[in-house]
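These notes concern the structure reproduced below.
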Amino acid sequence: MSSRPRYWLIKSEPAVFSWDDLWSAPGRRTHWDGIRNYQARNFIRDDVKRGDLVLFYHSNASPPAAVGVAEVVREAYPDPTQFDPADDHHDPGSDPADPRWLMFDVAARRRLPQPVSLSALKAEPALAAMLVVQRGQRLSIQPVTPAEWEAVLALGGLEPAGAAPSKKRK
DNA sequence: GCCAACGTTGGC
DNA sequence: GCCAACGTTGGC
């Protein structure tokens, strides 16, 4: 039993689907589909729950950066692209009666007033163990600890919900 | 564009 | 079950 909400980081290539794309989508909402990695699938299947909060991270970007906060608004359900032969993510080995790949829905909540670049994440001692800063870490959805969550939001200029406003300014 | 790191595939 | 080959990810 773990406390809620949990925190996550999801990666998206802005050339494919950016924070602005999410922000301008109906309901500021999207299906987070196309995941074809078992470890990521298992997180989605077992651990991602409605109300969990998500850092939206731009990978393959200049610079790569955490850019916004989103919320899980629908839990795991089958990703239809696996059954579409015309789709890049088609998986002919997946059984429609027991779909191999899942997706979930997220909705944008807050843009980070200041995007937190990967180099800024790496420069923050409190984030030394954060998965996204580890070399060779390719998981497209990663768990984030509450302490990491607060540190990233602080770097991004957002106060964590419920926290007293900070007076520190630079 | 380069290439290191990683996950998957498939021959054996 | 091993492991080399291959495709992908993603920082730089």
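Convention: sequence-line order gives letters A, B, ...; per-chain numbering from 1.
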Taking for each residue the nucleotide of DNA chain B with the nearest heavy atom, is it A:R36 or A:R135 whose nucleotide lies nearer the 5' end? A:R135
Do the rings of A:W32 and A:F104 sit parallel, tilted or perpendicular, given the 30° and 60° boundaries? tilted
Show the numbers, then the answer: is there a side-chain contact (heavy atoms from CB on, under 4.5 Å) between A:R4 and A:D52? CA-CA 7 Å; A:R4 292 288 165 190; A:D52 283 0; 2.7 Å; yes
For residues A:V152 and A:M130, determine if any side-chain heavy atom of one lies less than 4.5 Å from a side-chain heavy atom of the other. yes
When you look at A:D20 and A:S18, which way does the side-chain hydrogen bond (donor to acceptor under 3.5 Å, both in side chains) test go after all the steps? CA-CA 5 Å; A:D20 286 339; A:S18 70; 5.0 Å; no
Between the protein and nucleotides 5-12 of chain C, which nitrogen or oxygen pairs are less than 3.5 angstrom apart?
unit_1 : atom_1 : unit_2 : atom_2 : d
C:dT8  : O2     : A:R138 : NH1    : 2.5
C:dG10 : OP1    : A:K11  : NZ     : 2.7
C:dG10 : OP1    : A:R138 : O      : 2.8
C:dG11 : OP1    : A:Y57  : OH     : 2.9
C:dG11 : OP2    : A:N60  : N      : 3.0
C:dC12 : OP1    : A:K122 : NZ     : 3.0

For A:R100, all residues meeting side-chain contact (heavy atoms from CB on, under 4.5 Å), sequence neighbours excluded: A:Y38, A:R41, A:Q82, A:D91, A:S94
Does a side-chain heavy-atom distance below 4.5 Å link A:P143 with A:L131? yes
Near DNA chain C, counting only heavy atoms under 4.0 Å, which residues of residues 78-98 of chain A show up? none
Just how far is it from atom NZ of A:K11 to atom CD1 of A:I35, taken to the nearest 0.5 Å? 10.5 Å
Please answer whether the main-chain N or O of A:H89 pairs with a side-chain N or O of A:R36 as donor and acceptor at a distance below 3.5 Å. yes
